[in-house]
There are 2 protein chains.
Amino acid sequence: MAITLFIVDDHYMVVEGIRSLMQAEQGIEWIGHASTAASCLAFLQSRQPDVLLMDINLPDQSGIDLCQQVKTLYPQVFVIGLSTFNQVSFIQKMLDNGASGYLLKNAGSSEIMQAIDTVMHGRQFLSIEAASVVRQSGLAAGQPVLTRREKEVLQLIAEGLTNTEIADRLYISASTVDTHRKNLLQKLQAKNTAALVKIAMDHQML
Amino acid sequence: MAITLFIVDDHYMVVEGIRSLMQAEQGIEWIGHASTAASCLAFLQSRQPDVLLMDINLPDQSGIDLCQQVKTLYPQVFVIGLSTFNQVSFIQKMLDNGASGYLLKNAGSSEIMQAIDTVMHGRQFLSIEAASVVRQSGLAAGQPVLTRREKEVLQLIAEGLTNTEIADRLYISASTVDTHRKNLLQKLQAKNTAALVKIAMDHQML
DNA sequence: CATAAAATCCCTCAAAAGCGGGATGCAGCA
DNA sequence: TGCTGCATCCCGCTTTTGAGGGATTTTATG
């Protein structure tokens, strides 16, 4: 019995690349692809693949959210996240939302096959590069987790507001904003606001 | 005589996708691919394609720079930029550096063929989506152009250095750094440093 | 209900950024 | 030769931040 495979990715070249790579493989049945989260969900209503390769960047909603929806509706489907290298900060979120693995888009056919095989056995698969970056960046230890308020303050800082302006916007005192700011600097290990924004952008927090 | 094609992209799936799409086409000869700027330049020493598809994000250096080098060394090679949709701010730079066209990674084979055909005739080709985004975002009017010094200062600001630290690093006075900082704020229409870094990141300047 | 985490607020003081000027030297160019 | 853009440097003054604290109230959660 062949393993059925479905792909969600809005980049046609990537879809075509995987199809081409998988065509040569025994035991893999390509049952289709979608370029949006909506059309993916529509397809799944009629048929579910064993393994679902899912890009993190989709035009209508993020793969993170789609992953959660899919796993809620069809827990038996194994989801493998797919993205380019600079989006590794999403890996943890993806796994938190039920994904079984993570592939970088420079993976070759053997790595894809290995990923499919691993997740079909109920284990987790990470691209070697992904895994190493996770280790390097300390993501495995959980990337700095910001509270709701801290995220709000961070967002407004990045928009160029000062503490007092942020205070007005959030109906709190400037001192409080300052405290949040200090905590942000500490959590993200930033020397000052400029570095804070840079690091936050690098971690896709903005 | 078939048109020779070479690809630089660090995502194997994309390379494979294009190869698969092009294999079915008449008159296209795939002469190879590279995953880094360095290996691309090495290949070009021995052989030059008619058309060079080039990803903008490469591991060792940006496609923007590579494009300029390639066009300097081999002006007869037509370069077509390749990237995903959120990197459109690079399109103008790519074209400035001598690229003849721009394809988004969700292009299908007909669009790729059309692009190759168009640039081989010496004309410019933009993906419809790319063209529309260029119009929308006013990129065609040219995004703010920074001087060499301003770029250096911007980089160091984003790393969290203060004016005096930057001054030490660049062997200039803190006052000068301050002037560059003022000019950066003005050019990028930023209210303060935080917004400056955010905007710079949005424009892929960092 | 106890406890921890989050959110709130306050203080001081030094350092840095931001604002609004002005000014000089130098290179490329019409 | 005069113009323009770039890079360099300086002044005074205000605002904002960053680095130390300390403290209280809310809100989850076992």
Side-chain angles (χ1 to χ4, degrees), chain A residues 92-93 96 138 141-203 205-206, chain B residues 68 72 92-93 96-97 141-203 205-206:
Chain A
Q92 195 64 48
K93 287 187 195 167
D96 288 345
Q143 82 187 111
V145 65
L146 304 186
T147 67
R148 175 184 58 86
R149 243 1 186 189
E150 284 164 353
K151 282 180 203 160
E152 289 169 5
V153 170
L154 174 59
Q155 182 66 45
L156 296 174
I157 287 174
E159 285 176 22
L161 304 200
T162 65
N163 281 350
T164 45
E165 288 168 339
I166 295 171
D168 287 347
R169 188 79 79 88
L170 299 181
Y171 305 108
I172 56 179
S173 121
S175 312
T176 307
V177 178
D178 191 52
T179 303
H180 290 311
R181 185 183 217 115
K182 285 176 194 171
N183 292 336
L184 283 166
L185 290 173
Q186 205 250 311
K187 283 189 178 178
L188 297 196
Q189 297 279 295
K191 277 186 58 182
N192 55 32
T193 305
L196 176 69
V197 174
K198 168 89 160 55
I199 293 168
M201 295 285 288
D202 283 341
H203 287 240
M205 290 168 165
L206 289 172
Chain B
Q68 190 160 44
T72 306
Q92 194 65 47
K93 285 188 198 168
D96 287 346
N97 281 1
Q143 78 188 113
V145 66
L146 304 186
T147 66
R148 175 184 57 86
R149 243 359 186 191
E150 283 163 354
K151 282 181 203 160
E152 289 169 4
V153 170
L154 174 59
Q155 182 67 44
L156 296 174
I157 286 174
E159 286 175 23
L161 304 200
T162 65
N163 282 348
T164 46
E165 288 167 338
I166 295 171
D168 287 348
R169 190 78 78 86
L170 299 181
Y171 305 106
I172 55 180
S173 121
S175 312
T176 306
V177 177
D178 191 53
T179 304
H180 290 310
R181 186 188 282 265
K182 286 177 196 172
N183 293 334
L184 283 166
L185 289 173
Q186 204 250 312
K187 282 190 178 178
L188 297 196
Q189 297 279 295
K191 278 185 58 183
N192 56 31
T193 304
L196 176 69
V197 174
K198 168 89 159 59
I199 293 168
M201 294 286 288
D202 283 341
H203 287 238
M205 290 169 167
L206 289 173

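Protein chains get the first letters and strands the later ones, always in sequence-line order, with residue 1 at the start of each. Values reported hereafter were calculated over all heavy atoms of this structure, with side chains retained and with hydrogens, waters and symmetry mates removed.
The heavy-atom pair separating A:Gln189 from A:Ile199 by the smallest distance is O-CD1, 4.0 Å. Between A:Gly160 and B:Ala195, the shortest heavy-atom distance links the atoms CA-CB, 3.8 Å.
Under 4.0 angstrom from either OP1 or OP2 of D:dC6 there lies no side-chain N or O belonging to B:Arg149.
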For nucleotides 14-23 of chain D, give me every protein contact, N/O to N/O, under 3.5 Å, one pair per line with atom names.
residue	atom	partner	partner atom	Å
D:dT17	OP1	A:Arg181	NH2	3.1
D:dT17	OP2	A:Asn163	N	3.1
D:dT17	O3'	A:Arg181	NE	3.1
D:dT17	O3'	A:Thr193	OG1	3.2
D:dG18	OP1	A:Thr193	OG1	3.3
D:dG18	OP2	A:Thr193	N	2.9
D:dG18	OP2	A:Thr193	OG1	2.6
D:dG20	O6	A:Lys182	NZ	2.4

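Within the 4.5 Å cutoff, side-chain heavy atoms of A:Ile157 are placed close to those of A:Leu184. Counting only heavy atoms from C-beta outward, the side chains of A:Lys198 and B:Glu159 never approach each other to under 4.5 Å. Put simply, the side chain of B:Ile166 reaches to within 4.5 Å of the side chain of B:Leu161, judged on heavy atoms. At least one side-chain heavy atom of A:Leu156 sits less than 4.5 Å from a side-chain heavy atom of A:Leu170. Under the 4.5 Å side-chain criterion, counting only non-hydrogen atoms from C-beta, B:His180 is not in contact with B:Leu154. Proximity of A:Glu165 to A:Thr162: side-chain heavy atoms (C-beta onward) are separated by under 4.5 Å at one or more points.
Salt-bridge formation is detected for the pair A:Glu152/A:Arg148: a Lys NZ or Arg NE/NH1/NH2 atom is positioned less than 4.0 Å from an Asp or Glu carboxylate oxygen.
When heavy atoms are screened at a 4.0 angstrom cut-off, B:Ser175 is found touching base atoms of the nucleic acid. At the heavy-atom level, B:Thr176 lies under 4.0 Å from base atoms of the strands shown.
Remark on the helix from C:dC1-D:dG30 to C:dA30-D:dT1: inter-end axis angle 60°, axes from five-pair C1' superpositions, rounded to 10°.
Nucleotides of DNA chain C with any atom under 4.0 Å from a heavy atom of chain A span, from 5' to 3', C:dA6 to C:dC10.
For the atom pair CZ (A:Arg181) and CG (A:Leu196), the distance works out to 8.0 Å, reported to the nearest 0.5 Å.
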